[in-house]
K.L.:
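There's a structure below that I have some questions on.
Just so it is clear, the model here is predicted, and its values are computed rather than measured.
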Amino acid sequence: MTKTIVITGATSGFGRACAEIFAAGGWRLVLCGRRRERLLELEEKLGKTAVHCASFDVRRLAEVEAMVAGLPDGFRSVDVLLNSAGLALGLNPAQTADLDDWERMVDTNIKGLFYMTRLLLPKMVERKQGHIINIGSVAGTWPYPGGNAYGATKAFVAQFSNNLRCDLHGSGVRVTNIEPGLAETEFSVVRFGGDKAKADAVYAGTQPLTAQDIAEIVFWAACRPAHVNINRSEVMPVCQSWSPLDMHRSAE
């Protein structure tokens with residue numbers, strides 16, 4: 001039986017790579033994003049795959065409600081929700097960070113995930129099957145300078161995923177949190193306001209993860225037998241690990 005996946009943030013990065021790998025696997029796709037032209041381009045690229053494009057902003061509850069209500073026949077029975085929409089903005093310390101950036105990260109990374117999950121979950125519970133897959137980050141566990149609000153939003157994703165598992169106990173609905181480390185997508189370009197040179201410097205001299213790497217993990221988790229739940233998957237490139245605890249020493 002052909003399955004259906006709803007993918008937020010499908011216009012770039014992990015979301016787009018997941019759209020491609022699930023299409024290759026024969027799934028029906030609901031591709032969600034703000035940039036309609038990119039959605040249509042991706043739909044054309046995927047060829048004969050059954051695709052429904054939904055251009056809206058996950059930060060706006062009314063738009064999410066309209067999207068869910070407007071799902072056409074053949075796409076209403078959602079097997080997997082992939083909450084991939086998310087972003088980081090800025091790298092300033094908390095005392096100089098832009099509050100607008102903080103609000104946008106909270107609205108996208110937290111509230112957008114909230115809205116999508118809450119509106120699609122009841123039907124999964126009713127059918128006693130389904131899967132919520134969230135794209136978290138190693139930043140939700142491991143702090144770094146300038147990661148303040150972004151890391152906090154991804155810590156939220158991790159704990160929300162854990163608590164969903166508790167709420168869904170016995171329902172047959174699965175929950176997975178995928179936590180990538182250093183990955184080269186549009187992530188840093190967005191973080192630095194379109195400054196590609198600054199974004200490229202983040203990956204200089206490294207071999208980071210790719211969007212395809214993460215898409216393969218998402219696909220694998222989604223295709224486990226129904227009795228198997230992948231709670232959490234933290235993945236880093238080999239070139240990335242942890243640093244010693246930082247120490248500030250006075251000049252005296």
Side-chain angles (χ1 to χ4, degrees), residues 1-60 62-88 104 107-109 112-113 115-117 119-120 123-124 130-135 176 178 180 183-191 193-194 196 199-200 203 208-223:
M1 184 178 68
T2 302
K3 292 186 175 183
T4 300
I5 182 170
V6 173
I7 303 175
T8 68
T11 57
S12 65
F14 302 143
R16 184 184 176 96
C18 286
E20 293 175 355
I21 200 169
F22 277 89
W27 288 55
R28 283 185 297 263
L29 308 176
V30 178
L31 304 180
C32 307
R34 291 180 296 109
R35 294 170 287 191
R36 183 163 181 77
E37 68 284 353
R38 286 201 181 189
L39 292 176
L40 296 176
E41 180 271 328
L42 180 56
E43 179 182 21
E44 183 176 351
K45 179 180 178 181
L46 297 179
K48 297 181 180 179
T49 303
V51 174
H52 171 66
C53 291
S55 180
F56 66 100
D57 191 337
V58 296
R59 298 174 297 173
R60 314 297 181 199
E63 294 185 25
V64 179
E65 290 173 330
M67 184 281 295
V68 173
L71 286 174
D73 292 341
F75 294 89
R76 290 183 177 276
S77 183
V78 176
D79 297 282
V80 176
L81 165 61
L82 174 60
N83 284 309
S84 182
L87 77 168
R104 187 175 169 195
D107 287 347
T108 306
N109 301 354
L113 183 146
Y115 298 154
M116 292 295 300
T117 301
L119 291 176
L120 289 174
K123 289 294 184 183
M124 292 183 179
H131 199 168
I132 305 294
I133 302 180
N134 297 322
I135 299 295
T176 298
I178 309 293
E184 188 168 10
T185 62
E186 291 183 5
F187 179 86
S188 289
V189 175
V190 172
R191 163 166 261 173
K196 191 171 187 308
D200 288 345
Y203 309 106
L209 300 172
T210 66
Q212 180 69 20
D213 293 329
I214 300 305
E216 289 174 0
I217 294 169
V218 171
F219 187 74
W220 172 79
C223 293

K.L.:
With a 4.5 Å heavy-atom cut-off, do M116 and M67 have their side chains touching?
P.N.:
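Yes; the side chains approach each other to less than 4.5 Å.
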
K.L.:
Is there a side-chain contact (heavy atoms from CB on, under 4.5 Å) between I21 and Q212? Walk through the geometry before answering.
P.N.:
CA-CA 8 Å; I21 200 169; Q212 180 69 20; 4.1 Å; yes

K.L.:
For the residue pair F22 and F219, does the interplanar ring angle fall in the parallel (under 30°), tilted (30 to 60°) or perpendicular (over 60°) class?
P.N.:
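Geometry flag for F219 against F22: perpendicular rings.
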
K.L.:
Would you mind reporting whether W27 and C18 have side-chain heavy atoms less than 4.5 Å apart?
P.N.:
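No, side chains not in contact.
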
K.L.:
Any carboxylate oxygen within less than 4.0 angstrom of a Lys/Arg side-chain nitrogen, looking at E41 and K45?
P.N.:
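Between K45 and E41 there is no salt bridge, as every charged N stays at least 4.0 Å from the carboxylate O atoms.
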
K.L.:
Taking the side chain as every heavy atom from C-beta outward, state whether E43 and L46 have any pair of such atoms under 4.5 Å apart.
P.N.:
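In short, these two side chains do not touch, never coming nearer than 4.5 Å.
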
K.L.:
Nearest 0.5 angstrom please: I132 CD1 to T176 OG1, how far?
P.N.:
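Rounded to the nearest 0.5 Å, the CD1-OG1 separation comes to 10.0 Å.
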
K.L.:
Does any N or O in the side chain of D79 come within less than 3.5 Å of the main-chain N or O of I5, such that one atom is a donor and the other an acceptor?
P.N.:
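No; zero donor-acceptor contacts below 3.5 Å.
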
K.L.:
What are the two closest heavy atoms between L39 and A54, and how far apart are they?
P.N.:
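Looking at all heavy atoms of both residues, the closest pair is CD1-O, 3.6 Å.
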
K.L.:
Nearest 0.5 Å, what's the NE2-SG distance between H52 and C32?
P.N.:
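So the gap between those two atoms works out to 7.5 Å.
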
K.L.:
Taking the side chain as every heavy atom from C-beta outward, state whether V78 and V30 have any atom pair closer than 4.5 Å.
P.N.:
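The answer is no; the side chains never approach within 4.5 Å.
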
K.L.:
If you measure from CG on L71 to CG on L120, what distance do you get to the nearest 0.5 Å?
P.N.:
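If we round to the nearest 0.5 Å, L71:CG and L120:CG are 7.0 Å apart.
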
K.L.:
Quick check on side chain to side chain donor-acceptor pair (under 3.5 Å): which of E37, R16, R35 does T11 satisfy it with?
P.N.:
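Answer after filtering E37, R16, R35: R35.
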
K.L.:
Would a distance-only check, ignoring hydrogens and angles, find a side-chain to backbone donor-acceptor pair under 3.5 Å from S84 to F14?
P.N.:
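Checking the backbone N and O of F14 against the side chain of S84, no donor-acceptor pair under 3.5 Å is found.
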
K.L.:
Whether the side chain of D107 engages the backbone of G112 through a donor-acceptor N/O pair (distance < 3.5 Å, no angle test) should be reported.
P.N.:
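The answer is no, because no donor-acceptor pair under 3.5 Å joins these two groups.
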
K.L.:
Pair R36, C53 - check side-chain contact (heavy atoms from CB on, under 4.5 Å), show working.
P.N.:
CA-CA 8 Å; R36 183 163 181 77; C53 291; 4.2 Å; yes

K.L.:
Minimum heavy-atom separation for R38 to S12, with atom names?
P.N.:
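So the minimum-distance heavy-atom pair works out to NH1-CB, 3.6 Å.
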
K.L.:
Could you tell me whether a side-chain N or O of E184 sits under 3.5 Å from a main-chain N or O of P208, the two making a donor and an acceptor?
P.N.:
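No; zero donor-acceptor contacts below 3.5 Å.
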
K.L.:
Can you see which heavy atom on T8 is nearest to which on A85, and at what distance?
P.N.:
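Where T8 meets A85 most closely, the heavy atoms are OG1-N, 3.0 Å.
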
K.L.:
Can you tell me how far the CG atom of N109 sits from the CG atom of N83, to the nearest 0.5 Å?
P.N.:
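Reported value, rounded in 0.5 Å steps: 10.5 Å.
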
K.L.:
Out of curiosity, R34 CZ to R59 CZ, how far, rounded to the nearest 0.5 Å?
P.N.:
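Reported to 0.5 Å precision, the distance equals 6.0 Å.
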
K.L.:
Do V58 and Y115 have side chains that get closer than 4.5 Å, going by heavy atoms?
P.N.:
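Result no, sub-4.5 Å side-chain heavy-atom pair not found.
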
K.L.:
Does the R28 side chain pair with the main chain of T2, one donor and one acceptor, at a distance under 3.5 Å?
P.N.:
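Checked: pair present.
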
K.L.:
Quick one: which of V80, L31, L81 gives a side chain to side chain contact (heavy atoms under 4.5 Å, CB included) with V6?
P.N.:
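One option only clears the test, and that one is L81.
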
K.L.:
Once rounded to the nearest 0.5 Å, what's the spacing between atom CD1 of I178 and atom CD1 of I217?
P.N.:
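If I round to the nearest 0.5 Å, the distance is 6.5 Å.
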
K.L.:
Which heavy atom of F56 sits nearest to which heavy atom of V64, and what is that distance?
P.N.:
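Heavy-atom minimum between the residues: CE1-CG2, 3.8 Å.
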
K.L.:
Is R191 reaching over with its side chain to a backbone N or O of A88, donor-acceptor style, under 3.5 angstrom?
P.N.:
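The answer is no, because no donor-acceptor pair under 3.5 Å joins these two groups.
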
K.L.:
Give the minimum heavy-atom separation between P180 and I214, together with the two atoms involved.
P.N.:
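The pair with the smallest heavy-atom distance is CB-CD1, 3.8 Å.
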
K.L.:
With a 4.5 Å heavy-atom cut-off, do M124 and H131 have their side chains touching?
P.N.:
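The answer is no; the side chains never approach within 4.5 Å.
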
